[in-house]
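Report on the following structure.
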Amino acid sequence: MDKIKILTEKHSFINDTIFKLKTYLLTGNRMLKNILYPVMKFDFNSKLIHNPIISKSESELWNPFDNNENWILTAGKIENLRIAAKKINGIEVKANEIFSFWKHIGNPNFGKRYVIGREIREGCIVPTIAGGLCQLSNALYDAALNANFEIVERHKHTKVIKGSLAEQNRDATVKWNYLDLRFKSSFDFRIEVVLTSDKLIVYFKSIQKNKIVSDNIIEFKQSNKLNDCYSCGNLACYKHNDRSSLKNDIETTTYILDEKWPEYETYINEHAKPSDNYIFSVKKNRLVNSNRYTWFKNKPINARTTQFQGLFRFFYSRYAQKIKKNSFETSLVLDKKIAFAAAKKINIDSTHLVISQNLLPFIYETGVLGGRTFDVLMTRLPFEFLHENLNNAFNNYPESKTLNDFRAPKKLIELENNALNKARYIITPHSEIAKIFNNKVIKLNWHIPNQTKLNFRGNKILFPASALGRKGAYEIKRLAKELNLNISVLGNAIEYENFWEDIKTEKFNGNFEEIGLVIYPTFIENQPRQLLKVISNQIIVITTPSSGIDASEKVKIVNINDYDNLKSVVKEFLEN
């Protein structure tokens, strides 16, 4: 009871008002000093990006001692760290200049999208806007000590959080703006801040390194039992909030979904919880009447959309096609807008995300994946492998004007590779993609349409795509010439006018009863929907691993760029 009485008195309305008045005076005093003795704000740069790491600090993001009630403060802290990390990650500090924490973070109290996190105030953990930034200042101070930098200003916490750097006397509390962390070095260095799913990591990089005077002997201090506003049970305290509305099962998954695939809809229906959240790129309406984005017959209650960005992409994509702009480059620009909007709609209590691949690199770029695990719904090959396949095709057919269309910039390739490396699981029905991520793949079955019993089998040969280089059009053209074949063609696009020359071709009329063989020597195929229709009709298919379909009794697989084998397999079928 004595403890409750002390806490109640400490956090009374009067004492809280006095505390705020003190902060205003101290803040004003620091502002004056900053005018008289200004410090630099350093730019983001990449001059030192490839320099060796000279110092590192690593700390846990999630507190294993949290309960279901105070856990939300830790989730808020991590959201604040995501925002703050972007303001420091990649800056390069000049020699003999002072680095100031608040100079780069700025005032966190207004317009910065910080949320309520945990702050240590007068010996208690209390909820406050931008709470938890001390974990970043702790890590920066720890890294500065490891690098033997000169510490210009540092303040200790009044209480020690179990498992934190304060236990090692390597902490640095900050409070806008009168409690700052400042340090400097005799040489240029770079700061990098990374949030993994469970750790905050700070790196310093430089070509130089200070000589460590002596081994750092870490003094571990006894952890104090913390007074926590969400678990202390002190209902009389001024700071106490009503706990009746807090969720018991507060951790959720957010599904960030774009183009609908039946395989992924089935997977989500089997794994999602009622409390999970959904972010869709666009919802079907009078303007968008396509089923491409219509997920689920019964729309989830916890659903949001990036409606403005989704509608913009829907109509601009059609406009880009009319003026013959590169559709792939256009899609990257529009996907980025949707991804950035979706990142802002993720609830802070979402500890796990499931993300459509086309949005992944842009969402990774925003930093919202820090402190979270995530899975990826793969909708195509990774850019790096996509480019490799297209380069192989272009080496064979340099006259093609379409094989250079699908090219992502280097930065985007790096973002996607980093995100895919950190993903927990890769989810896909595509066999070629599954082989790339063999150790962490969740392999789904393709959704095969209901089988149609054909009355008879025709003798026509179907090429189930447009006459484009990436789809294997040059191989089909060569086969038709050498084996004197007539070809039914499914798509409308074509490499160039009069591509087929004197080869007999016809537009496929949709009647599979006329088809006896399907040849598809593709270099790129993300969704083999037409092949799945063919398979449901029990027609023989000759294709490559790039189709994403496994070999079977009806599916013959030949390697990409192996024309002789392709020709041999086709001849064998025709002769039988």
Side-chain angles (χ1 to χ4, degrees), residues 44-53 56-61 78-79 81-92 136 139 143 190-205 254 256 258 328 331-333 335-340 342-344 346 350-389 406-428 430 433-442:
F44 296 98
N45 212 321
S46 56
K47 292 180 180 178
L48 308 178
I49 193 169
H50 298 298
N51 281 186
I53 295 170
K56 173 184 175 183
S57 179
E58 188 174 300
S59 57
E60 298 289 338
L61 286 172
I78 294 172
E79 176 68 10
L81 290 173
R82 293 182 189 113
I83 297 170
K86 293 177 65 177
K87 299 178 181 296
I88 293 179
N89 181 40
I91 66 169
E92 297 187 354
L136 179 55
R190 173 184 175 85
I191 301 177
E192 293 183 357
V193 182
V194 177
L195 273 73
T196 68
S197 61
D198 58 352
K199 293 183 185 298
L200 170 68
I201 306 174
V202 169
Y203 299 101
F204 289 171
K205 290 182 176 181
T254 293
I256 305 176
D258 195 20
F328 183 70
S331 70
L332 295 180
V333 173
D335 286 350
K336 183 175 182 176
K337 294 181 183 296
I338 290 174
F340 277 25
K344 295 178 181 178
I346 302 171
S350 289
T351 57
H352 182 67
L353 306 177
V354 179
I355 310 169
S356 291
Q357 182 195 3
N358 62 306
L359 305 179
L360 175 68
F362 308 112
I363 289 179
Y364 179 82
E365 185 180 11
T366 68
V368 299
L369 299 182
R372 295 180 167 117
T373 55
F374 61 95
D375 301 334
V376 184
L377 305 176
M378 295 292 284
T379 52
R380 56 161 171 74
L381 284 172
F383 286 132
E384 198 167 28
F385 289 84
L386 183 72
H387 290 186
E388 183 179 347
N389 282 4
F406 289 76
R407 292 294 187 275
K410 183 179 179 181
K411 179 185 176 182
L412 199 56
I413 297 171
E414 292 176 352
L415 286 171
E416 184 181 65
N417 284 346
N418 288 337
L420 291 173
N421 284 334
K422 294 176 181 178
R424 187 185 69 171
Y425 292 119
I426 302 298
I427 306 170
T428 183
H430 199 289
I433 295 173
K435 288 177 182 177
I436 297 171
F437 299 97
N438 184 49
N439 293 324
K440 61 176 184 179
V441 70
I442 297 176

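Here the structure is a predicted model, which is why all the values come from computation and not from measurement.
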Does the side chain of Glu384 come within less than 4.5 Å of Glu416's, by heavy atoms?
no

Residue pair Glu79, Arg82: steps toward the salt bridge (charged side-chain N to carboxylate O under 4.0 Å, His left out) verdict
CA-CA 5 Å; Glu79 176 68 10; Arg82 293 182 189 113; 2.6 Å; yes

Student check: side-chain heavy atoms of Leu420 and Leu360 closer than 4.5 Å:
yes

In chain order, what residues pass the ring-ring contact (aromatic ring centres under 6.0 Å, His included) check against Phe383, with sequence neighbours excluded?
none

In short, Ala139 meets Val202 closest at the heavy-atom pair CB-CG2, 3.6 Å

Contact check, side chains of Ile256 and Ile346, non-hydrogen atoms, under 4.5 Å:
yes

In Å and rounded to the nearest 0.5 Å, what is the OG to CZ distance from Ser331 to Phe406?
8.0 Å

How long is the span from the NE2 atom in His352 to the CD1 atom in Ile355, to the nearest 0.5 Å?
8.5 Å

Nearest-0.5 Å distance that lies between atom CD in Glu92 and atom NZ in Lys47:
7.5 Å

Neighbour count above 12 (heavy atom, 6.0 Å) for Lys440 NZ:
yes

Nearest non-hydrogen partners of Ser57 and Ala143, listed with the distance
CB-N, 3.9 Å

Do the side chain of Gln357 and the main chain of Arg380 share a donor and acceptor less than 3.5 angstrom apart?
yes

Just checking Lys337: does its NZ atom have more than 12 heavy atoms from other residues, nucleotides or ligands closer to it than 6.0 angstrom?
no

Ala339 and Phe362 have their tightest heavy-atom pair at CB-CB, 3.5 Å

Leu381 vs Ile436, side chain to side chain contact (heavy atoms under 4.5 Å, CB included): CA-CA, chis, key distance, verdict
CA-CA 9 Å; Leu381 284 172; Ile436 297 171; 3.8 Å; yes

Once you round to the nearest 0.5 Å, how far does CG of Asp258 lie from OG1 of Thr379?
8.0 Å

Looking at every heavy atom in both Ala423 and Val376, which two are closest together, and how far apart are they?
CB-CG2, 3.8 Å

Do Ile191 and Phe204 have side-chain heavy atoms sitting under 4.5 Å apart?
yes

Closest contact, heavy atoms only, Ala343 versus Thr366:
CB-OG1, 3.7 Å

Rounded to the nearest 0.5 Å, the CG atom of Asn358 sits from the CG atom of Leu377 at a distance of 10.0 Å

Heavy-atom closest contact (Leu61 atom, Thr196 atom, distance)
CD1-O, 3.6 Å

With a 4.5 Å limit on heavy-atom distance, are the side chains of His387 and Ile413 in contact?
yes

Results of side-chain contact (heavy atoms from CB on, under 4.5 Å) for Lys205 - residues two or more places apart only:
Asn51, Ile53, Arg190, Glu192

When you measure from the side chain of Asp375 to the backbone N and O of Val354, does any donor-acceptor pair fall under 3.5 Å?
no

For atom CZ of Phe340, decide whether the heavy atoms of other residues, nucleotides or ligands shown that lie under 6.0 angstrom number more than 12.
yes

Heavy atoms, side chains only, cut-off 4.5 Å: are Thr351 and Thr373 in contact?
no

Inter-residue atom distance Phe44.CZ - Ile49.CD1, 0.5 Å rounding
12.5 Å

